[in-house]
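Everything on this sheet refers to the single structure shown next.
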Amino acid sequence: MSALPSTSGKAHAAAGDAYDAVVVGAGFAGMYMLHRLRGLGLSVRVYEQGDGVGGTWYWNRYPGARCDVESMQYSYSFSDELQQQWDWSERYAPQPEILKYANHVADRFDLRRDIQFSTRVERAVFDEGSNLWSVTPSQGDIVTARHVILATGCLSNARMPDIKGLKDFKGEVYHTGHWPHHAVDFTGKRVAVIGTGSSAIQSVPVIAETASRLTVFQRTANFSIPARNAALTSDERESFRSRYPEIRRFAREESRNGIFTEMPDRGALDDGDNERRAKYQSRWERGGLTFMSVYNNLAIDKTANDTAANFVREMIAGIVDDPATAKLLQPDSHPIGTKRICIDSDYYAAFNRPNVTLVDIKSTGIDEILPNAVRTGARDYEIDALVLATGFDAMTGSVAKIDIVGRDGKTLNEKWAEGPRTYLGLMSAGFPNLFVITGPGSPSVLSNMIVSIEQHVDWIADCVGYMRDRGLATIEAERDAEDKWVAHVNEVASGTLYPQANSWYMGANIPGKPRIFMPYIGGVGAYRQICNDVSARGYEGFQMTPLAKEKRAAAS
Ligand SMILES: Cc1cc2nc3c(=O)[nH]c(=O)nc-3n(C[C@H](O)[C@H](O)[C@H](O)COP(=O)(O)OP(=O)(O)OC[C@H]3O[C@@H](n4cnc5c(N)ncnc54)[C@H](O)[C@@H]3O)c2cc1C
């Protein structure tokens with residue numbers, strides 16, 4: 001039974017409405033959170049700034065956008081009927097299909113009636129007298145909630161680069177993470193793509209097919225492995241479906257990254273040159289993210305890592321005709337895998353087309369954008385359209401945009417000024433009943449995100465149910481537990497090669513952002529066990545306070 005009067009199902013929340021929980025964001029995390037809390041009989045209001053569900057897949061509509069974890073695994077597991085009935089068409093579904101899936105889930109589980117679209121959460125303030133959060137949406141009235149759950153996404157705050165003249169550019173400007181809903185036609189146009197991360201790597205080969213000229217501006221070359229995307233046959237789908245119990249169990253409990261694959265039992269240097277090369281070649285042919293799990297020491301041993309990095313550099317040199325372009329495309333600034341590895345369909349081969357040029361801006365940078373051109377130290381590149389594939393203020397960007405005020409009037413932004421601090425990536429001391437899904441300090445972006453989302457949502461829902469059943473008013477991370485967790489996250493990261501890369505895992509793509517390795521690298525299975533142990537021990541490291549007597553009576 002709901003702890004507070006039910007206000008579910010209204011199109012717009014009204015002044016004074018009180019919810020058991022407010023969820024911010026209606027991507028895969030927010031949708032499943034709503035479903036679970038509703039299953040507990042709680043009243044929930046979801047706010048979503050977009051006008052539809054799907055989060056990442058609602059916003060990232062750029063040409064070539066698709067998932068890089070195979071769809072049979074990059075999908076919800078909480079409903080066996082759903083996973084048995086949904087037909088993925090390709091090994092890596094394209095964005096429109098993933099968005100269709102998100103909409104199907106919203107309809108199937110009747111989620112929309114509790115989601116208020118086109119509404120940003122601007123502010124959330126914790127009231128220490130009532131132990132309730134007061135939430136200010138961009139439209140509609142302030143509401144109160146016992147719990148606030150941030151399902152705001154790790155890659156949802158598109159980063160606009162600070163380039164002189166950008167606002168004066170006269171042609172079309174697009175950000176890959178904020179792509180328009182109408183069709184964009186580059187036929188016969190001169191297009192510039194700025195950035196060479198995952199979104200550029202996916203979009204460049206597709207834009208190259210229609211643009212008259214495509215110029216790609218690269219600061220840092222990234223490692224990319226062929227996706228080997230293809231249509232899924234019904235036999236392939238069936239093979240997954242019949243093995244789903246084991247595939248999902250393995251992904252949740254045993255894997256490091258939430259993906260079902262062979263677990264490597266040897267290091268790269270345990271094999272001789274020929275054998276090692278044959279293994280890399282076979283993973284290259286297979287395609288996809290499992291390239292990095294061929295050996296068990298690629299993330300921790302630089303010499304071992306070099307063997308994989310050299311192999312990929314060699315493959316690039318074999319694909320790209322022009323030696324100077326191939327050299328530029330060969331990453332040399334970080335160990336392979338220490339930035340999220342990209343998965344592509346003919347990215348490197350796109351540079352063999354006569355209409356595609358790669359421009360190195362590592363040393364010169366972009367001086368300015370002119371009304372009709374991109375100017376670098378060496379020359380002006382005249383263009384009609386500009387595509388900013390400049391990524392996101394990752395993991396903390398969307399949280400930081402909300403003015404979150406906890407105990408003693410202290411804001412989360414003040415607390416996280418030197419970098420995010422959480423206990424288990426789920427809560428931050430001083431902010432009772434405020435949960436973050438896949439937040440910093442959890443495996444999050446290092447994993448198949450849907451596996452991590454489901455784990456967090458289940459843990460939070462179980463926790464909220466536990467509190468409701470025991471008449472508890474608040475749960476809050478203890479500072480000591482948080483300090484120890486932050487130290488542990490850092491210690492585990494420092495035992496790997498990851499901190500060597502200037503990656504968005506480190507906040508390095510955002511000027512002025514503290515350099516902290518944000519995700520927890522201990523592995524999805526191990527992390528899940530830690531979270532389960534904490535809750536089994538009565539939420540060890542969290543403080544809980546009881547509801548006042550009269551409220552307890554109302555709640556029962
Ligand atoms: C192009 C791209 C491809 C990806 N491919 C993969 C992949 O193959 N595998 C994988 O594991 N992960 C992938 N990811 C990561 C992806 O973000 C996650 O897999 C997953 O979709 C995240 O779901 P979410 O619900 O946590 O966040 P999101 O999908 O980002 O949803 C968050 C939602 O919160 C909303 N929001 C934020 N702030 C507010 C606010 N203040 N008020 C109201 N609403 C707000 C946003 O509008 C957004 O809709 C990819 C990311 C990108 C950008």
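Order of listing sets the numbers, starting from 1, for every ligand and every atom in it.
Listed by atom number, the atoms of ligand 1 under 4.0 Å from Gly25 heavy atoms are 33 (C), 34 (O), 35 (C). Heavy-atom proximity to Ser447, at under 4.0 Å, picks out these atoms of ligand 1: 11 (O). If you number the atoms of ligand 1 from 1 as listed, the ones under 4.0 Å from a heavy atom of Arg340 come out as 9 (N), 10 (C). Distances below 4.0 Å separate heavy atoms of Ser156 from the following atoms of ligand 1: 30 (O). For ligand 1, the atoms sitting less than 4.0 Å from at least one non-hydrogen atom of Cys67 are 8 (O), numbered in the order shown with element in parentheses.
If you look at Ile453 next to ligand 1, the close heavy atoms, those under 4.0 Å, all belong to the side chain. Of all the heavy atoms of Ala151, the ones lying under 4.0 Å from any atom of ligand 1 belong exclusively to the backbone. The proximity of Asn60 to ligand 1, defined as any non-hydrogen pair under 4.0 Å, is limited to the side chain. Within the 4.0 Å heavy-atom criterion, neither part of Tyr58 lies near ligand 1. Neither the backbone nor the side chain of Glu70 comes within 4.0 Å of ligand 1, counting heavy atoms alone.
At least one heavy atom of Arg120 sits closer than 4.0 Å to an atom of ligand 1. Residue Thr119 places a heavy atom under 4.0 Å from ligand 1. Under a 4.0 Å heavy-atom criterion, Trp59 is in contact with ligand 1. Between Asp68 and ligand 1 there is a heavy-atom distance shorter than 4.0 Å.
Nearest protein heavy-atom contact of atom 2 (C) of ligand 1 is Thr56 CG2, 3.9 Å. In terms of protein heavy-atom proximity, atom 31 (O) of ligand 1 is nearest to Gly55 CA, 3.5 Å. At the shortest separation from atom 44 (N) of ligand 1 among protein heavy atoms lies Gln49 N, 3.1 Å. For atom 25 (O) of ligand 1, the nearest non-hydrogen atom of the protein is Ala29 N, 2.9 Å. Remark: minimum distance from atom 35 (C) of ligand 1 to any protein heavy atom is reached at Glu48 OE1, 3.3 Å.
Of the polar atoms of Ile450, none of the N or O atoms is found under 3.5 Å from an N or O of ligand 1, judged by distance alone. Taking any N or O of Gln202, backbone or side chain, none lies under 3.5 Å from an N or O belonging to ligand 1. Residue Ser398 has no nitrogen or oxygen atom sitting less than 3.5 Å from a nitrogen or oxygen atom of ligand 1, judged on distance alone. Annotation: Tyr74 places an N or O atom under 3.5 Å from an N or O atom of ligand 1; distance criterion only. Geometrically, ligand 1 and Met449 share a nitrogen or oxygen pair separated by less than 3.5 Å.
No more than 12 heavy-atom neighbours from other residues, nucleotides or ligands sit within 6.0 angstrom of CD on Glu81.
The side-chain tip of Arg61 points at the ring of Tyr58 from less than 6.0 angstrom away and within 45° of straight on.
Of the charged side-chain nitrogens involved, none lies within less than 4.0 Å of a carboxylate oxygen, so that Glu236 and Arg241 do not count as a salt-bridged pair. A salt bridge between Arg36 and Asp462 is present, with a side-chain N of the basic residue lying under 4.0 Å from a carboxylate O of the acidic one. Of the charged side-chain nitrogens involved, none lies within less than 4.0 Å of a carboxylate oxygen, so that Glu48 and Arg120 do not count as a salt-bridged pair. A salt bridge is absent between Arg45 and Asp17; no separation between the charged side-chain nitrogens and carboxylate oxygens falls under 4.0 Å. Between Arg528 and Glu253, none of the side-chain N atoms (NZ, or NE/NH1/NH2) sits under 4.0 Å from a carboxylate O, so this pair counts as no salt bridge. Salt-bridge formation is not detected for the pair Glu254/Arg248: no Lys NZ or Arg NE/NH1/NH2 atom is positioned less than 4.0 Å from an Asp or Glu carboxylate oxygen. In this structure, Glu246 does not pair ionically with Arg243, as no charged nitrogen and carboxylate oxygen lie closer than 4.0 Å.
Arg256 places none of its side-chain heavy atoms less than 4.5 Å from the side chain of Ser293. Contact annotation: the side chain of Pro63 approaches that of Trp179 to within less than 4.5 Å [non-hydrogen atoms, C-beta and beyond].
Of the candidates Gly153, Ser198, Ser444, Ser138, the one placing a heavy atom closest to atom 27 (O) of ligand 1 is Gly153. Ranked by closest heavy atom to atom 3 (C) of ligand 1, the top entry among Phe392, Tyr62, Trp57 is Trp57. In this comparison of Asn157, Val24, Thr176, Val46, the heavy atom closest to atom 39 (C) of ligand 1 sits on Val24. By heavy-atom distance, the residue among Ile402, Asn257, Thr152, Val121 lying nearest atom 32 (C) of ligand 1 is Thr152.
For Tyr19 and His147, the gap between ring centers reaches or exceeds 6.0 Å. For Trp485 and Tyr520, the ring centers are positioned less than 6.0 Å apart.
Partner Leu426 forms a side-chain contact (heavy atoms from CB on, under 4.5 Å) with one of Val436, Ile460, Leu434 and no other, that one being Ile460.
Under the 3.5 Å distance criterion, with hydrogens and angles disregarded, a donor-acceptor pair is assigned to the side chains of Gln202 and Tyr62. At a cut-off of 3.5 Å, with distance as the only test, no side-chain donor of Gln49 or Thr119 sits close to an acceptor on the other residue.
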